[in-house]
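Chain naming here is simple, since letters A, B, ... match the order of the sequence lines and numbering starts at 1 in each. Nothing here was measured: the structure is a model prediction, and the numbers come from that model. In what follows, every heavy atom counts, from backbone to side chain, and hydrogens, waters and symmetry copies are set aside.
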2 protein chains.
Amino acid sequence: MADIARRPAHRYGSRPTMKDVAARAGVGLKTVSRVVNGEPGVTADTERRVQEAIEALGFRRNDSARVLRKGRTASIGLVLEDLANPFYGPLSRAVEEVARAHGALLINGSSAEDPGREQELVLAFCARRVDGLIVIPAGTDHRYLEPELRAGVATVFVDRPAGRIEVDTVLTDSFGGARAGVAHLIAHGHRRIGFIGDQPRIHTAVERLRGYRAAMADAGLAVADGWVSLGSTEPGRVREALAAMLAGPDPVTALFAGNNRVTVTAVRELAGRSRPVALVSFDDIELADLLGITVVAQDSAALGRTAAERLFRRLDGSGEPPARLELPTRLIPRGSGELPPA
Amino acid sequence: MADIARRPAHRYGSRPTMKDVAARAGVGLKTVSRVVNGEPGVTADTERRVQEAIEALGFRRNDSARVLRKGRTASIGLVLEDLANPFYGPLSRAVEEVARAHGALLINGSSAEDPGREQELVLAFCARRVDGLIVIPAGTDHRYLEPELRAGVATVFVDRPAGRIEVDTVLTDSFGGARAGVAHLIAHGHRRIGFIGDQPRIHTAVERLRGYRAAMADAGLAVADGWVSLGSTEPGRVREALAAMLAGPDPVTALFAGNNRVTVTAVRELAGRSRPVALVSFDDIELADLLGITVVAQDSAALGRTAAERLFRRLDGSGEPPARLELPTRLIPRGSGELPPA
DNA sequence: TAGGGCCTGGACAACGTTGTCAGGGCGGGA
DNA sequence: TCCCGCCCTGACAACGTTGTCCAGGCCCTA
């Protein structure tokens, strides 16, 4: 077989490099680099020859090599809980838009609410040398990020605060939103109000519960044991919790649903009941307007945008100390929250 | 000032390398590499020393350099239209899960239905040397991908076919789904049925329209000019199209909505009308069950999963020729599609 | 016409990692 | 005791790019 074509220009699965382009164009390697990067100091004629060679070979610069040289990757990582949850789609898209405006790409991953997986994703992103990180944390201890922060990886936590490290944080005012939502129910005459929220290790779940309790306390109302339920947002669990609140001699007349997942199950469940139960949802949902669901809306796109803007400001060298921003919620009455107690 | 600490271990913004770890552990560079990669041939004691140094310095392997050496990045790129659209969230998540099972990360980007932006994203991904690409195309000519395909980038198109290149494609049976949906309306007595779809350069929009026409033809029904409207899914446009169909002497008694964006606007619009209009939606929507919206559902997660699995099978060396898969739809009657003509 | 400066182009090292290969130490067998 | 062989370890090149630096040629001016 001897040595037919030891390194053909198009060996399958291999790609042309600047060296190949240079050879074909009959110029030096660095000249190709100059053309590819639009650097000055190349005559029009030379540039044309190089462009032709690039075109002919289908050359595409290898960014890994580039990154190795330059240090910056022009990419940021986003770790969230679940991209399939409609709350995170707009958030992710908003981050992407800001990144794009800064010439950066977005890598994202879903933690599935598992701290181990969150860390795994974050560290994988760091190994890729992302310039920045936006994290919606699942865990509560983020000291594993310390070396990254020291190395200058811009980091912003969103929706939930970081644990045991000091970083920029952008939150929704969960406490205030829940308090306002529950106060709304109380203003419409409710005295026995249930609360179903997410798992107690999730910051927003706890904050919203705190808001609920504050509103009840503000009105001088006691909270019975069976009215509060934190746990998985899995439909079966929510159904059970709701059934428990509606059974017994003193059933709740209204429900505050702690997030969009809880709400969809609650709405389905309440729709099957004869006695009307008032409902206020934390999180807006598509078509909730048509179903007349009163919500405490948070703007997930704004959350993402704000976080990304803060991240890029930091990358651009603003030396501000880490801050904590809180975005307001908006109560949107649509009927379900204005039902009188039955 | 002389030369105090020419290269301190923790210069801000720089990161320790294997060399630094090796120096601290008093071993050779390659030994560190061996430990980091779990390669055999390192004594327990040496390994411990290296691990300690890694810990102390907060070392994290630089994957850019690794990629440069090894050739594979263990990442795949996903280009879709808009991550904020609830149709794409589950799709993206499904792709991510498959990627994760194969140890790969996911980079994604939204084309915003702009072919230029689609190409820009795809080529940026290729410059990062993604191992594979999953594309929901906005454009109709993908010859720009030829060098990438030659170079061995596994590529799968989803939801819409590729233009002028031969690649794996995973589609939903838009034609069949629409035909079945419209036939359903006809079976419930409708003769004047409207169709509002997405822009005519989008493959699915055209296929669904074709399905609509086929169902009408099957029933021997003529389609009047004003009953069909393709265009942007922006609410204002959809409202106008719908208003036009419902005005005049012979208004439509039923509407087939070409996708989820059209449906949400149509449902809102129809809710305000006194005369009931039947509706079947292509695409399911959250809470559509409660609103009684009859839908032709497609499984966007299955679309993503199928595409990703095909992609990884290709990466694992299956030499199958490019194929075209079509996933079925499912008609779910919920009331709106079973209304009699008014 | 000669000299100087500018403009273009190329050689070379470096980025941080991994594959190759060779060397040294140690244990076991003769 | 000596030698062979194995196991562990490290030196070195290479991956593809960019920054630095230098050389050569051209043009302009004196």
Side-chain angles (χ1 to χ4, degrees), chain A residues 6-7 9 11 13-51 53-54 57-74 124 126-129 131 147 151, chain B residues 6-7 9 11 13-50 53-54 57-74 124 126-129 147 151:
Chain A
R6 224 175 233 313
R7 194 179 194 261
R11 182 156 52 89
S14 105
R15 286 169 161 283
T17 69
M18 285 191 177
K19 202 164 140 192
D20 301 321
V21 174
R24 173 157 184 138
V27 301
L29 175 56
K30 180 64 203 207
T31 300
V32 176
S33 173
R34 271 191 270 264
V35 171
V36 169
N37 294 299
E39 288 171 24
V42 181
T43 41
D45 181 62
T46 307
E47 168 154 9
R48 192 184 40 73
R49 287 212 323 281
V50 172
Q51 287 291 9
I54 289 176
L57 296 176
F59 167 80
R60 216 79 82 190
R61 177 176 65 198
N62 183 333
D63 275 356
S64 291
R66 174 167 225 254
V67 163
L68 191 56
R69 245 340 275 233
K70 308 205 70 148
R72 281 224 170 166
T73 54
C126 289
R128 307 289 166 116
R129 293 295 185 268
D131 298 333
Chain B
R6 223 174 234 314
R7 195 179 193 263
R11 181 156 52 87
S14 105
R15 282 169 164 285
T17 70
M18 285 190 178
K19 201 165 141 192
D20 300 323
V21 174
R24 175 160 185 137
V27 302
L29 175 55
K30 179 64 206 206
T31 301
V32 176
S33 172
R34 272 191 269 264
V35 171
V36 169
N37 294 300
E39 287 169 25
V42 180
T43 41
D45 181 61
T46 308
E47 168 155 10
R48 192 185 41 72
R49 288 214 320 281
V50 171
I54 288 176
L57 296 176
F59 167 80
R60 216 79 82 191
R61 178 176 63 197
N62 184 334
D63 275 354
S64 292
R66 172 166 225 252
V67 163
L68 190 56
R69 225 14 257 242
K70 308 206 71 148
R72 283 227 170 163
T73 53
C126 290
R128 306 289 166 119
R129 292 295 185 269

**OP:** To the nearest Å, give me how far apart NZ (A:Lys70) and P (C:dA13) are.
**Re:** 21 Å

Original post:
To the nearest Å, how far apart are A:Met18 CE and C:dC12 P?
Top reply: 19 Å

Original post:
Among D:dG19, C:dG19, D:dG16, which nucleotide sits nearest the side chain of A:Asn62?
Top reply: D:dG16

Original post:
Which sits closer to the 5' end of DNA chain D, A:Lys30 or B:Thr31, going by the nucleotide each is nearest to?
Top reply: B:Thr31

Subject >> Backbone N/O of A:Thr73 and side chain of A:Asp131: donor-acceptor pair under 3.5 Å >> reply: yes

Subject >> Among C:dG10, D:dT17, C:dG9, the nucleotide that comes nearest once only the side chain of A:Val42 is considered >> reply: C:dG9

**OP:** Tell me what A:Arg61 touches on the nucleic acid: a base, only sugar-phosphate, or nothing, going by heavy atoms under 4.0 Å.
**Re:** sugar-phosphate

Under 3.5 Å, which donor-acceptor pairs link side chains of residues 32-44 of chain B to any protein atom two or more places apart or in another chain?
residue: B:Ser33; atom: OG; partner: B:Asn37; partner atom: ND2; Å: 3.4
residue: B:Asn37; atom: OD1; partner: B:Arg61; partner atom: NH1; Å: 2.4
residue: B:Asn37; atom: OD1; partner: B:Arg66; partner atom: NH2; Å: 3.3
residue: B:Asn37; atom: ND2; partner: B:Ser33; partner atom: O; Å: 2.9
residue: B:Thr43; atom: OG1; partner: B:Thr46; partner atom: OG1; Å: 2.7

Original post:
Does A:Ala151 offer a backbone N or O that forms a donor-acceptor pair with the side chain of B:Arg15 under 3.5 Å?
Top reply: no

Original post:
OP1 or OP2 of D:dT18 less than 4.0 angstrom from a side-chain nitrogen or oxygen of A:Ser33, does that happen here?
Top reply: yes

**OP:** Can you tell me the distance, in whole Å, between the CD atom of A:Glu39 and the C1' atom of D:dT18?
**Re:** 8 Å

Original post:
So, is B:Thr46 near the phosphate of D:dT9, with a side-chain N or O under 4.0 Å from OP1 or OP2?
Top reply: yes

Original post:
Is there a donor and acceptor pair, one atom on the side chain of A:Arg66 and one on the base of D:dT17, closer than 3.5 Å?
Top reply: no

**OP:** Can you tell me the distance, in whole Å, between the CG atom of A:Asn37 and the C1' atom of D:dG19?
**Re:** 11 Å

**OP:** May I ask you to say what A:Asp63 touches in the nucleic acid, namely base, sugar-phosphate or nothing, with a heavy-atom cut-off under 4.0 Å?
**Re:** nothing

Subject >> Any N/O donor-acceptor pair, A:Arg34 side-chain to C:dG10 base, under 3.5 Å >> reply: yes

Original post:
Rounded to whole angstroms, how far apart are CZ on B:Arg69 and P on D:dA13?
Top reply: 13 Å

**OP:** Would you classify B:Glu47 as touching base, sugar-phosphate or nothing, given that sugar-phosphate means primed atoms plus P, OP1 and OP2, and contacts are heavy atoms under 4.0 Å?
**Re:** nothing

**OP:** Provide, to the nearest angstrom, the distance between the CZ atom belonging to A:Arg15 and the C1' atom belonging to D:dG16.
**Re:** 13 Å

**OP:** Give one of base, sugar-phosphate or nothing for A:Val36, where a contact means two heavy atoms less than 4.0 Å apart.
**Re:** nothing

**OP:** Determine whether A:Ile54 and A:Gln51 make a side-chain contact, defined as any pair of heavy atoms from C-beta on separated by less than 4.5 Å.
**Re:** yes

Original post:
Reckon A:Val67 touches a base, only the sugar-phosphate, or nothing at all at heavy-atom distances under 4.0 Å?
Top reply: nothing

**OP:** Give the rounded distance in Å between these two atoms: CG of B:Leu29 and P of C:dC15.
**Re:** 12 Å

Original post:
From B:Ser64 OG over to A:Asn62 CG, what is the distance, rounded to the nearest 0.5 angstrom?
Top reply: 9.0 Å

Original post:
Of the nucleotides D:dT17, C:dG10, C:dT18, which one has an atom closest to the side chain of A:Phe59?
Top reply: D:dT17

Subject >> From D:dG16, D:dG19, D:dT9, nucleotide with atom closest to B:Thr43 side chain >> reply: D:dT9

Original post:
A:Arg129 side chain to A:Cys126 main-chain N or O, any donor-acceptor pair under 3.5 Å?
Top reply: yes

Subject >> Which nucleotide in D:dG10, D:dG16, D:dT18 has an atom nearest any side-chain atom of A:Leu68 >> reply: D:dG16

Subject >> Base C:dG16 to side chain B:Lys19, donor-acceptor N/O within 3.5 Å cut-off >> reply: no

